[in-house]
Amino acid sequence: MRTTVEMKGMPEIILEKAVEVGLARSKTDALRLGVLALNKEYNLIKDLEIEMVGRKIRLQEEELKRKGKRNLTEAEVKRKYGFK
């Protein structure tokens with residue numbers, strides 16, 4: 001996701017300070033760290049790995065649907081690859 005953000009006042013000062021003291025390489029990295037800290041503080045996503053895998057699967061399913069294709073069933077895979 002590409003997002004353009006303009007920060008003024010206190011948020012801008014905090015981002016600059018995070019870079020200055022070496023917590024982040026850039027203000028963009030400092031924003032990323034802030035998002036991760038937000039999740040840690042409020043437990044918005046319990047298991048990030050499961051969420052990422054689920055999102056990847058949904059994107060692949062949408063792509064297959066868009067192309068008019070579908071996933072093979074277990075029986076079709078076994079038949080295709082010669083399993084009994």
Item to check | Sidechain N-carboxylate O distance under 4.0 Å for Lys56, Glu51 | outcome: no
Next on the checklist: I want to check something: taking the side chain as every heavy atom from C-beta on, are Met52 and Glu49 in contact at a cut-off of under 4.5 Å?
Outcome noted: no
Checklist entry - Counting N and O atoms only, with roles assigned by atom type, does the side chain of Asp47 sit under 3.5 Å from a partner on the main chain of Ile50, one being a donor and the other an acceptor? => result yes
Checklist entry - Counting heavy atoms not belonging to Lys67, are there more than 12 under 6.0 Å from its NZ? => result no
Next on the checklist: Looking at Glu61 and Arg58, is any side-chain nitrogen of the basic one under 4.0 Å from a carboxylate oxygen of the acidic one?
Outcome noted: no
Item to check | Step-by-step side-chain contact (heavy atoms from CB on, under 4.5 Å) determination, Val19 to Lys27 | outcome: CA-CA 6 Å; Val19 173; Lys27 290 187 272 184; 4.1 Å; yes
Checklist entry - Any side-chain heavy-atom pair from Val35 and Leu33 closer than 4.5 angstrom? => result no
Checklist entry - Could you walk me through whether Leu36 and Leu38 pass the side-chain contact (heavy atoms from CB on, under 4.5 Å) check? => result CA-CA 5 Å; Leu36 294 174; Leu38 181 67; over 6 Å; no
Checklist entry - Out of curiosity, Asn71 CG to Ile57 CD1, how far, rounded to the nearest 0.5 Å? => result 9.5 Å
Checklist entry - Take atom CD in Glu63; do more than 12 heavy atoms of anything else shown fall under 6.0 Å from it? => result yes
Checklist entry - Applying the side-chain contact (heavy atoms from CB on, under 4.5 Å) test to Met7, which of Leu15, Ile13, Ile14 qualifies? => result Leu15
Next on the checklist: Run Lys80 and Leu72 through side-chain contact (heavy atoms from CB on, under 4.5 Å) and show every step you take.
Outcome noted: CA-CA 10 Å; Lys80 181 176 180 177; Leu72 297 174; 4.1 Å; yes
Checklist entry - Between Lys78 and Glu74, does at least one N-O distance fall below 4.0 Å, as a salt bridge requires? => result yes
Checklist entry - Within the distance-only criterion (no hydrogens, no angle test), does the side chain of Asn39 pair as donor or acceptor with the backbone N or O of Leu44 below 3.5 angstrom? => result yes
Item to check | Heavy-atom pair with the smallest gap, counting every atom of Ala24 and Ala30 | outcome: CB-N, 3.5 Å
Item to check | Chi angles and distances behind the salt bridge (Lys or Arg N to Asp or Glu O under 4.0 Å) call for Lys65, Glu62 | outcome: CA-CA 5 Å; Lys65 186 176 182 180; Glu62 289 171 10; over 6 Å; no
